[in-house]
There are 2 protein chains.
Amino acid sequence: MARWEPNARERLASSALDLFAERGYEGTTAAEIAARAGLAKSTFFRHFADKREVLFAGQDLIGEAFAAAMRACPPSATPRELLHAALAAAAFAFGDERRAWVVRRQAVIDDNTELRERELLKRASLTAALESALRERGLGERLAALAAEVGSLAFRGAFARWIAPSNARGYAELAREELDALASAAASLG
Amino acid sequence: MARWEPNARERLASSALDLFAERGYEGTTAAEIAARAGLAKSTFFRHFADKREVLFAGQDLIGEAFAAAMRACPPSATPRELLHAALAAAAFAFGDERRAWVVRRQAVIDDNTELRERELLKRASLTAALESALRERGLGERLAALAAEVGSLAFRGAFARWIAPSNARGYAELAREELDALASAAASLG
DNA sequence: ACGGTGATGAGACCAAGTCCCATCACAGGG
DNA sequence: CCCTGTGATGGGACTTGGTCTCATCACCGT
């Protein structure tokens with residue numbers, strides 16, 4: 001096995017997605033993923049805490065982008081403007097080049113409960129990032145929690161529409177639409 | 001080992017909570033839980049799909065109660081009234097007798113990421129129950145999704161306050177308060 | 001008393017994940 | 001040019017979660 005080839009982590013992630021798509025998540029062992037990447041099982045677990053994580057590497061970047069974007073907003077910004085800015089800041093993850101990869105990855109996740117469970121954990125972490133950034137702006141407990149959930153919902157909705165087969169529009173535009181629609185729905189709930 | 005003693009499932013659940021509280025979730029093996037209940041490891045997994053599930057048995061009843069309560073509402077009910085009815089219907093799970101047990105259980109869950117992850121899965125299932133019941137009432141996609149999240153948030157908030165050490169109030173009352181507070185927060189977001 | 005049913009015990013087995021140690025590639029200093 | 005330190009890797013032992021199969025036993029109706 002040729003050691004010392006670069007990008008071990010990336011090779012593992014890409015081998016994993018390939019194998020999951022072919023044989024399913026449960027039908028693939030960590031040792032097989034490592035082998036396809038030309039690495040050993042122990043090396044796999046040195047790069048990823050567990051077998052699920054290989055599909056979720058880099059998720060934290062989105063949460064950090066959320067928080068950074070909100071911190072960059074003027075103090076006068078309304079909750080809605082903060083959310084707009086946060087969601088827009090995640091656009092780096094949803095360029096056209098990435099779409100095919102993201103679609104394939106999502107199909108694998110949707111197909112397996114264990115992976116959907118991990119996705120929920122990641123989503124919760126994104127929502128928590130929104131919530132704590134909103135509280136830093138002085139929002140009250142409940143309003144921060146609610147606004148964070150609305151932001152999370154808009155993010156999910158925009159994501160779902162972005163990866164839909166029929167879609168040709170950009171993520172940023174979809175996110176703005178989703179958020180506006182949810183805000184008016186919120187008004188009707190009060 | 002005395003076979004055929006009744007309530008194997010309950011004995012397993014209670015042994016599990018005891019051991020988790022003593023040694024932590026990760027410090028406890030499934031075989032140890034079974035042994036304390038006077039059963040074998042294979043019997044444990046016959047009753048619970050995995051080690052985490054032993055703490056979440058019966059959660060689905062709450063989701064079913066949500067849906068049933070909404071179906072029992074008059075057709076004229078507003079989304080807010082539907083949510084009130086749903087949350088109120090979950091009160092059976094939060095009587096005073098159960099409080100000590102619930103508090104102990106929650107401490108164990110909060111202490112372990114794996115368990116928190118499973119909790120998110122259960123929470124998502126409750127939210128989905130709310131959402132699908134709301135859509136049956138004719139609510140649009142986004143409004144149903146948003147209202148379900150608000151209901152879930154109110155449920156979580158009421159639960160957190162109910163198990164707080166200083167609390168002496170009942171779950172139903174707390175749930176109503178949380179929902180009203182969130183509804184007015186929602187109005188301010190639109 | 002007898003056979004059927006259903007819950008259990010026991011143990012083999014696989015894969016996830018941890019751990020430890022040897023090994024190798026590369027870097028820099030003598 | 002050699003020597004040594006550093007860091008990523010390979011390899012394998014080990015524990016545990018989880019599955020599966022088969023034998024066993026308690027109870028129930030006939």
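Convention: sequence-line order gives letters A, B, ...; per-chain numbering from 1.
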### Message
Looking only at side-chain N and O atoms, does Q59(B) offer a donor or acceptor that is under 3.5 Å from a partner on E64(B)?
### Response
no

### Query
Quick one: I33(B) CD1 to dG17(D) P, roughly how many Å, whole number?
8 Å

### Message
Within residues 111-123 of chain A, which residues have any heavy atom lying less than 4.0 Å from an atom of DNA chain D?
### Response
none

### Query
Hey, is D50(A) close enough to R118(A) for a salt bridge, meaning N to O under 4.0 Å?
yes

### Query
Starting at CG of L39(B) and ending at P of dT8(C), how long is that distance when rounded to a whole Å?
6 Å

### Message
Tell me whether the side-chain N/O atoms of T29(B) come closer than 4.0 Å to OP1 or OP2 in dT16(D).
### Response
no

## Note on the structure
F45(A) atom CZ is separated from dT18(C) atom C1', nearest whole Å, by 10 Å

### Task
List in numerical order all residues of residues 46-61 of chain B for which some heavy atom is under 4.0 Å away from an atom belonging to DNA chain D.
A49(B), D50(B), K51(B), R52(B)

### Task
Would you check if the side chain of T43(A) reaches a backbone N or O of L39(A) as a donor-acceptor pair within less than 3.5 Å?
no

### Query
Could you state the CG-P distance from L12(B) to dG17(D), rounded to the nearest angstrom?
14 Å

### Query
Nearest-Å distance, CG (N7(B)) to P (dA7(C))?
14 Å

### Task
Please lay out, stage by stage, how E32(A) and R23(A) fare under the test salt bridge (charged side-chain N to carboxylate O under 4.0 Å, His left out).
CA-CA 11 Å; E32(A) 287 168 346; R23(A) 316 180 194 171; 3.1 Å; yes

### Task
Mind calculating the distance between CG (L19(B)) and P (dT16(D)) to the nearest angstrom?
14 Å

### Task
Check the distance between dG17(C)'s P and Y25(B)'s OH and give it to me in whole angstrom.
12 Å

### Query
Roughly how far apart are Y171(B) OH and R176(B) CZ, rounded to 0.5 Å?
11.5 Å

### Query
If you round to the nearest 0.5 Å, how far is OG of S125(A) from CG of D60(A)?
7.0 Å

### Query
Whole Å only: how far is the CZ atom of R9(B) from the C1' atom of dT8(C)?
16 Å

### Query
Below 4.0 angstrom, N of the basic side chain to O of the carboxylate: do E149(B) and R156(A) qualify?
yes

### Task
Give a yes or no on whether a salt bridge exists between D18(A) and R104(A), defined as a side-chain N under 4.0 angstrom from a carboxylate O.
yes

### Message
Closest approach to the side chain of T43(A), judged atom by atom: which nucleotide of dG18(D), dG10(D), dT18(C) is it?
### Response
dG10(D)

### Query
If you measure from the Lys or Arg side-chain nitrogens to the Asp or Glu carboxylate oxygens, is any gap between E117(B) and K122(A) under 4.0 Å?
no

### Query
Hey, is the side chain of S42(B) poking within less than 4.0 Å of OP1 or OP2 on dG9(C), counting only N and O atoms?
no

### Query
Quick one: does K41(A) reach the base of dG17(C) with a side-chain donor-acceptor pair under 3.5 Å?
yes

